[in-house]
Amino acid sequence: ELRLADGAVNPYILQATVLACGLWGLENKATVENHFFEPTVNMYLIPEGAPEIAHLPRLPSTLQDALRALEADAGLRAFLGAGFIDSFLKMKTEELQDFLRCVSPWELERTLD
């Protein structure tokens, strides 16, 4: 079961990425035992910073961090193609820059005199 995606995901990129990661795991004989919990464990009840999840890598929490992680991921670049990854990074970086140029109501209310 994959619960990382939400309704905003591009379904084609999601499927391609899941397949690429699966192929990478098979080719590299990756083990997943360290990332599994007993079926009776409710992951939503484990508090942030709990020792039983301390060894798990965290997902990026911002678009900028996600773009940096994608740029550094040689495996995904190899599977999806450098041309696709470079184009996707360029498009999403431009979207991020457009977003960062906007002044939010919070900023207007609290920072402008």
Side-chain angles (χ1 to χ4, degrees):
E1 182 176 349
L2 178 65
R3 293 188 178 191
L4 299 176
D6 66 11
V9 71
N10 179 306
Y12 305 106
I13 296 174
L14 173 65
Q15 295 301 322
T17 302
V18 169
L19 289 171
C21 291
L23 290 171
W24 179 91
L26 291 171
E27 287 180 2
N28 291 282
K29 298 183 182 352
T31 60
V32 295
E33 287 80 22
N34 292 337
H35 297 85
F36 273 97
F37 289 87
E38 292 299 318
T40 57
V41 174
N42 185 342
M43 290 293 294
Y44 298 106
L45 297 178
I46 298 175
E48 179 129 5
E52 58 264 39
I53 60 170
H55 68 284
L56 298 174
R58 296 193 47 93
L59 292 172
S61 58
T62 66
L63 177 57
Q64 187 168 14
D65 289 344
L67 293 175
R68 287 178 183 149
L70 176 58
E71 188 172 25
D73 193 323
L76 207 49
R77 179 177 289 275
F79 275 105
L80 298 180
F84 171 78
I85 295 294
D86 291 340
S87 295
F88 186 81
L89 286 169
K90 181 179 179 183
M91 178 182 68
K92 289 299 180 182
T93 299
E94 288 174 6
E95 286 179 13
L96 178 60
Q97 293 306 314
D98 287 344
F99 171 78
L100 293 174
R101 280 191 283 277
C102 294
V103 179
S104 72
W106 184 92
E107 292 170 302
L108 289 172
E109 188 176 300
R110 289 176 178 78
T111 62
L112 296 178
D113 294 318

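Values in this document were obtained by computation on a predicted structure and should not be read as measured data. Computation of the quantities below employed the complete heavy-atom set of this structure, encompassing side-chain atoms and omitting hydrogens, waters and symmetry-equivalent molecules.
- The closest side-chain heavy-atom distance from Val41 to Ile46 is below 4.5 Å.
- The distance from the CZ atom of Arg68 to the CD atom of Gln64 is 4.0 Å, given to the nearest 0.5 Å.
- Side-chain contact between Arg77 and Leu89 is present, with at least one heavy-atom pair separated by less than 4.5 Å.
- Linking ILVMFWY side-chain heavy atoms closer than 4.5 Å, directly or via other members, places Leu67 and Leu100 in a single hydrophobic cluster.
- In this structure, Phe88 CZ and Leu76 CG are separated by 10.0 Å, a value rounded to the nearest 0.5 Å.
- Smallest separation of non-hydrogen atoms from Ala69 and Pro60: CB-CG, 4.3 Å.
- In this structure, the separation between CE on Met43 and CG on Leu56 is 6.0 Å, given to the nearest 0.5 Å.
- Within the 3.5 Å criterion, the main-chain N or O of Ala30 finds no donor-acceptor partner in the side chain of Asn28.
- Contact between Val9 and Ala5 at its shortest, heavy atoms only, is CG1-CB, 4.0 Å.
- Put simply, Val32 and Leu23 are part of two different groups of oily side chains (I, L, V, M, F, W, Y) that touch within less than 4.5 Å, one to the next.
- With a 4.5 Å cut-off on side-chain heavy atoms, Phe84 and Ile13 count as touching.
- One finds the NZ atom of Lys92 at 11.0 Å from the CG atom of Leu70 (value rounded to the nearest 0.5 Å).
- To the nearest 0.5 Å, atoms CG (Leu63) and CG (Leu96) are separated by 5.0 Å.
- Residue Arg58 qualifies as open at atom CZ: its count of foreign heavy atoms under 6.0 Å is 12 or below.
- Atom CD1 of Ile53 sits about 6.5 Å away from atom CD of Glu48, to the nearest 0.5 Å.
- In this structure, Phe99 is not a member of the same hydrophobic cluster as Trp106, with clusters built from ILVMFWY side-chain heavy atoms closer than 4.5 Å.
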